[in-house]
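For reference, the structure discussed in these notes is given below.
Here is how names work: the chains are called A, B, and so on, in the same order as the sequence lines, proteins then strands, and each is numbered from 1.
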Amino acid sequence: VSAFLVSCELASGLGGAHPPGLDSLVEMRLATILGLPKLWRTDRLPPSIYDTHESRMPIDFTRLNGWPVSHASACIMSNVIDDRHKHFHRRFPVNESANMLRSSELSMVATSMTWTKSYRLPLRVRLTGRLCWIVNLRMRPCDLLSLVEGVTHVGTKHSQGYGAVVPGSWRCDQRRDLDQCWWYAPHHAGPVLMRPLPVGDWLPQNLQGSRRDFAACIPPYWHPDRFTEVVVPC
Amino acid sequence: LIEQTGLSERLTKPEAYFLLRGGAEYVGNGGRESLQDIVELSRVSPLCGLLGGVTPKQMFAGSLSCDSGVLVCEENRFRLRSFLPPGVDISTYQLAPASDFTTGYQYTRSGSEKGTAGMFSEEEDSMLRFKSGGTPPGESKDKSNQMIYSGESIMPGAVFVHRYCLAHPKRLEVGALLWSLRLWVASGNSFGGMGRVGHGKLYSQFHFPDEYVGADEEYVQHVFEHIDSFALWLRRAFGVSEEKSAKAAKASKGKKTQVADKEVPA
């Protein structure tokens with residue numbers, strides 16, 4: 001097991017408030033390759049990929065409170081040049097559909113309520129050049145790269161072009177000085193948290209840069225069935 | 001597509017929302033997703049498989065990621081290698097900065113009197129204005145209401161690169177994209193604002209892998225072969241809305257009757 005710095009370059013702004021975890025990207029790619037069904041928020045959640053296809057995951061892991069927490073730090077962004085809110089919209093096509101509807105449907109359309117409601121929602125977009133993660137690998141770096149090279153977009157709203165990864169920009173460099181940095185960064189005041197971890201005795205008393213939350217510590221981070229008591233970097 | 005399936009002037013509002021803007025989910029399926037519907041939709045309509053959509057009961061993911069257009073300029077040199085077609089190398093080209101491609105426009109909106117000489121009597125017009133609270137006739141001339149407005153635009157000759165990424169697409173989905181682009185080019189090939197006065201006209205070139213040559217014609221053929229199946233799928237997927245609307249109509253009828261019954265004694 002050795003520490004690596006995995007990075008990729010971005011060609012467009014990163015959409016969404018939460019940058020992606022490398023473990024979730026790898027798990028998503030493995031799910032695609034293995035033909036696992038796509039998850040929806042309402043689905044019953046299958047067990048972690050470490051429980052079903054452990055031998056295929058190149059990232060090392062530790063079980064904490066029963067959760068197989070992978071040895072991958074949260075996403076570290078390079079200098080953010082621009083941090084702003086863009087918007088995405090939706091509106092019922094009143095003008096376009098008027099001549100296509102049956103006569104009984106030619107009624108008033110409520111644009112401020114119900115399912116025909118129009119909206120204009122904000123989306124946080126950060127312009128940054130490079131994303132990186134510190135990971136402990138238990139396989140060869142090329143095994144990880146072969147998986148992540150298929151990732152063309154990261155973050156949310158990639159259907160609108162946000163988070164495009166520069167093709168061929170994925171890199172995996174060995175860094176012996178970052179051995180335990182997947183979960184903490186050394187600091188004179190105490191270890192600084194680098195990824196979400198479940199709350200327990202293993203957390204040092206002088207942990208820095210963390211706050212308590214009710215969230216997920218393993219992918220998929222968005223699924224409510226994964227939520228538990230955790231500490232997250234802040 | 002709507003005309004070919006014979007659904008024009010026969011659509012319900014949810015169906016029109018789905019076909020024109022992707023739709024909205026408002027019934028739900030009790031936390032269940034129909035895999036059969038997903039397979040069936042991508043079979044009968046590769047375009048829906050490409051773009052995705054929402055029926056009242058279920059969401060369907062599309063395979064298309066549509067990047068924003070990137071201006072070919074010095075500032076974007078680093079980003080361009082992600083968006084240019086394979087084999088195109090711009091490293092030896094000298095590119096101009098983005099500011100070189102921006103320019104301005106200025107237009108005026110004419111006053112209502114301009115060009116209307118002889119079309120009305122000036123005396124009658126000034127009397128009418130006076131009666132409606134304006135200045136007395138001959139006292140002062142009305143100010144011109146001509147409005148000058150200006151804006152920023154991109155110079156002709158600027159080049160944009162626009163990439164479409166399809167995740168694990170079927171050949172017919174690529175065909176649907178190529179056919180849609182072809183229709184877009186045929187329908188004006190313009191983008192951005194002020195299109196009504198001729199701004200944003202494009203000259204478009206499309207680069208795609210050789211293996212997809214002819215995929216657009218295959219898509220059109222597939223659409224014609226599956227027109228009835230698509231119309232049937234649509235009716236089945238949106239059947240709930242009709243039942244619901246019938247129920248709602250019944251319920252509202254009942255409510256009205258109750259109110260009427262109460263009102264009669266009063």
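- Using non-hydrogen atoms only and a strict 4.5 Å limit, no part of residues 121-131 of chain A faces chain B.
- Only the backbone of L7(B) comes within contact range of chain A, with at least one heavy atom under 4.5 Å from a heavy atom of that chain.
- Residues D67(B) and H158(A) form no side-chain contact, since every pair of their non-hydrogen atoms from C-beta on lies 4.5 Å or further apart.
- Contact count versus chain A (heavy atoms, under 4.5 Å) is highest, among G22(B), G52(B), G23(B), for G23(B).
- No donor-acceptor contact under 3.5 angstrom links the side chains of T12(B) and E105(A), judged on distance only.
- With chain A as the partner, the residue from A16(B), S82(B), C165(B) showing the most heavy-atom pairs under 4.5 Å is S82(B).
- F92(A) does not carry K13(B) over the face of its six-membered ring by the limits of under 6.0 Å from the centre and within 45° of the normal.
- At most 12 non-hydrogen atoms from other residues, nucleotides or ligands lie less than 6.0 angstrom from CZ of R140(A).
- If you measure heavy-atom distances from R21(B) to chain A, the contacts under 4.5 Å come from both the backbone and the side chain.
- Within the 4.5 angstrom heavy-atom criterion, only backbone atoms of L64(B) (N, CA, C, O) approach chain A.
- In this structure, chain A has no heavy atom under 4.5 Å from any part of Y164(B).
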* Could you please spell out the steps behind the salt bridge (charged side-chain N to carboxylate O under 4.0 Å, His left out) verdict for D173(A) and R171(A)? => CA-CA 6 Å; D173(A) 304 313; R171(A) 288 178 59 184; 3.4 Å; yes
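- Proximity of the aromatic rings of F160(B) and H162(B) is defined here by a centroid distance below 6.0 angstrom, and this criterion is not met.
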